[in-house]
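By convention in this document, chain letters (A, B, ...) are assigned in the order of the sequence lines, proteins followed by strands, and residues within each chain are numbered from 1.
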Amino acid sequence: MPPLPADWPADESAARAVQDALRERVVRDESGPRPGTGHVTGVDVAYDDERDVVAAAVVVLDGASLEVVEEATAVGQVAFPYVPGLLAFREVPAVLAALDALTADPGLVVCDGYGVAHPRRCGLASHLGVLTGRPTIGVAKNPFTFAYEAPGAARGSAAPLLDGAEEVGSALRTREGVKPVFVSVGHRVTLADARAHTLHLTPRYRLPETTRRADALCRAALREATGA
DNA sequence: GCGACAG
DNA sequence: ATCTTGTCGC
């Protein structure tokens, strides 16, 4: 997995310093593809705790049809422990390697986790966005340390995701009557567009097609690399 | 100090 | 994340 920044942190305090620097480079604009347009790329990672192996997968979909355009995977050694708030340092190296293997333009990158909805305002999706210069969003399955009021039961309903009084993202209902997902800006997108993208990617299930696809692929890659 | 805590 | 059977429902 070659493309790691020279100053990639070796411990937790160094990691937090990296986050504080990357946070300042996050951009919130609409320079990425419009919802339903261009490409959307799902990224996910699977682990084998026994052997400290990590497998990352990236799946590029057509933004309009949601059909698969290209896939890539990367396998390597786990380089950082799981620490709440420092997830990016565990997942980013393998994901960057997988992204490097792509031929197609990734378009919008959709992460399994958070962007600026983060204790230091620099989660996985923001790390990936700033390091690659690409537009990214984060779609998480759990509210992490944040608070929210239940959105309306209809698909498309949203409610603020709050860190104290600050709105850091949205709790978004992607399926009627089903637990919402938690959306936040990663890089080069607005929160409203992050929500719109998420709704385009969830025509049928709670989770975006991008992450469903990437999840299945990284598990398969891990099985192939390990065994069973 | 204790508990909570994306994946 | 990962360990795991059957089961209710479209």
task = Name all residues meeting the salt bridge (charged side-chain N to carboxylate O under 4.0 Å, His left out) criterion together with A:Asp11; count only those two or more places apart in sequence or in a different chain, and write none if there are none.
result = none
task = Could I get the full list of ring-ring contact (aromatic ring centres under 6.0 Å, His included) partners for A:His127, not counting sequence neighbours?
result = A:Phe89
task = Determine whether A:Leu87 and A:Phe144 fall in the same hydrophobic cluster, where Ile, Leu, Val, Met, Phe, Trp and Tyr are linked whenever their side-chain heavy atoms lie under 4.5 Å apart.
result = no
inquiry  = Using a 4.0 Å heavy-atom cut-off to protein, can you give one letter per nucleotide of nucleotides 4-10 of chain C, 5' to 3': B if the base is in contact, S if only the sugar-phosphate is, - if neither?
reply    = -------
Contacts of A:Glu12 that satisfy salt bridge (charged side-chain N to carboxylate O under 4.0 Å, His left out) - sequence neighbours left out = A:Arg16
Donor-acceptor pairs under 3.5 Å, side chain of residues 54-71 of chain A to any protein atom, not counting sequence neighbours: which ones?
| unit_1 | atom_1 | unit_2 | atom_2 | d |
| --- | --- | --- | --- | --- |
| A:Asp62 | OD2 | A:Ala64 | N | 3.0 |
| A:Asp62 | OD2 | A:Ser65 | N | 2.8 |
| A:Asp62 | OD2 | A:Ser65 | OG | 3.1 |
| A:Ser65 | OG | A:Glu67 | N | 3.3 |
| A:Glu70 | OE1 | A:Thr103 | N | 3.1 |
| A:Glu70 | OE1 | A:Ala104 | N | 2.7 |
| A:Glu70 | OE2 | A:Thr103 | N | 2.9 |

ask   = Which dot-bracket notation, 5' to 3', represents the base pairing of DNA chain C when pairs are defined as Watson-Crick or G-U with both distances under 3.5 Å, crossing pairs as [ ], and inter-strand pairs as |?
value = ..........
task = Looking at every strand, decide which applies to A:Asp44 at a 4.0 Å heavy-atom threshold: base, sugar-phosphate, or nothing.
result = sugar-phosphate
message = Using a heavy-atom cut-off of 4.0 Å across all strands, would you classify A:Ala117 as base, sugar-phosphate, or nothing?
response = nothing
request  = Indicate, with a heavy-atom threshold strictly under 4.0 Å, whether A:Arg219 touches base, sugar-phosphate, or nothing.
outcome  = sugar-phosphate
request  = State plainly whether the residues A:Asp215 and A:Arg212 are in salt-bridge range, i.e. N to O under 4.0 Å.
outcome  = no
request  = Could you list the residues that satisfy side chain to side chain contact (heavy atoms under 4.5 Å, CB included) with A:Ala117, not counting sequence neighbours?
outcome  = A:Tyr114, A:Phe146, A:Leu161, A:Val168, A:Ser184
ask   = For DNA chain B, which nucleotides open and close the run of contacts to chain A, 5' to 3', at under 4.0 angstrom from a non-hydrogen atom?
value = B:dC5 to B:dG7
ask   = Would you write out the dot-bracket form of DNA chain B, 5' to 3', with Watson-Crick and G-U pairs under 3.5 Å, [ ] for crossing pairs, | for pairs to other strands and . for unpaired bases?
value = .......
message = Under 4.0 Å, counting only non-hydrogen atoms across every strand here, what does A:Gly85 touch: a base, just sugar-phosphate, or nothing?
response = base
Where A:Asp48 and A:Glu50 come nearest, the two heavy atoms and their spacing = OD1-N, 2.9 Å
ask   = For the pair made of CZ in A:Arg223 and C1' in C:dA1, what is the distance, rounded to whole Å?
value = 15 Å
request  = Before accepting this row, confirm whether a basic side-chain N of the pair A:Arg121/A:Asp163 lies closer than 4.0 Å to the acidic partner's carboxylate O.
outcome  = yes
ask   = Just checking A:Leu86: base, sugar-phosphate only, or nothing, at a heavy-atom cut-off of under 4.0 Å?
value = base
ask   = Which of these, A:Arg195, A:Arg206, A:Arg204, sits in a side chain to side chain contact (heavy atoms under 4.5 Å, CB included) with A:Thr174?
value = A:Arg206
task = Hydrophobic side-chain clustering at under 4.5 Å (ILVMFWY, transitive links): who's grouped with A:Val27? Put none if nobody.
result = none
task = Kindly indicate, with the supporting measurements, whether the criterion salt bridge (Lys or Arg N to Asp or Glu O under 4.0 Å) is fulfilled by A:Lys141 and A:Asp44.
result = CA-CA 13 Å; A:Lys141 299 182 285 295; A:Asp44 196 15; over 6 Å; no
inquiry  = For A:Asp193, is there an ion pair with A:Arg34 - N to carboxylate O distance below 4.0 angstrom?
reply    = yes
note = Taken to the nearest whole Å, CD/A:Glu91 to P/C:dT2 is 10 Å
query = Hey, is the main chain of A:Pro33 close enough, under 3.5 Å, to the side chain of A:His197 for a donor-acceptor pair?
reply = yes
message = Please give me every residue in residues 15-24 of chain A whose heavy atoms get under 4.0 Å of an atom in DNA chain C, ordered by residue number.
response = none
task = Looking at every strand, decide which applies to A:Tyr82 at a 4.0 Å heavy-atom threshold: base, sugar-phosphate, or nothing.
result = base
key: Set of ring-ring contact (aromatic ring centres under 6.0 Å, His included) partners for A:Tyr148, sequence neighbours left out   = A:Phe182
query = When you look at CD of A:Glu224, are more than 12 heavy atoms from neighbouring residues, nucleotides or ligands closer to it than 6.0 Å?
reply = no
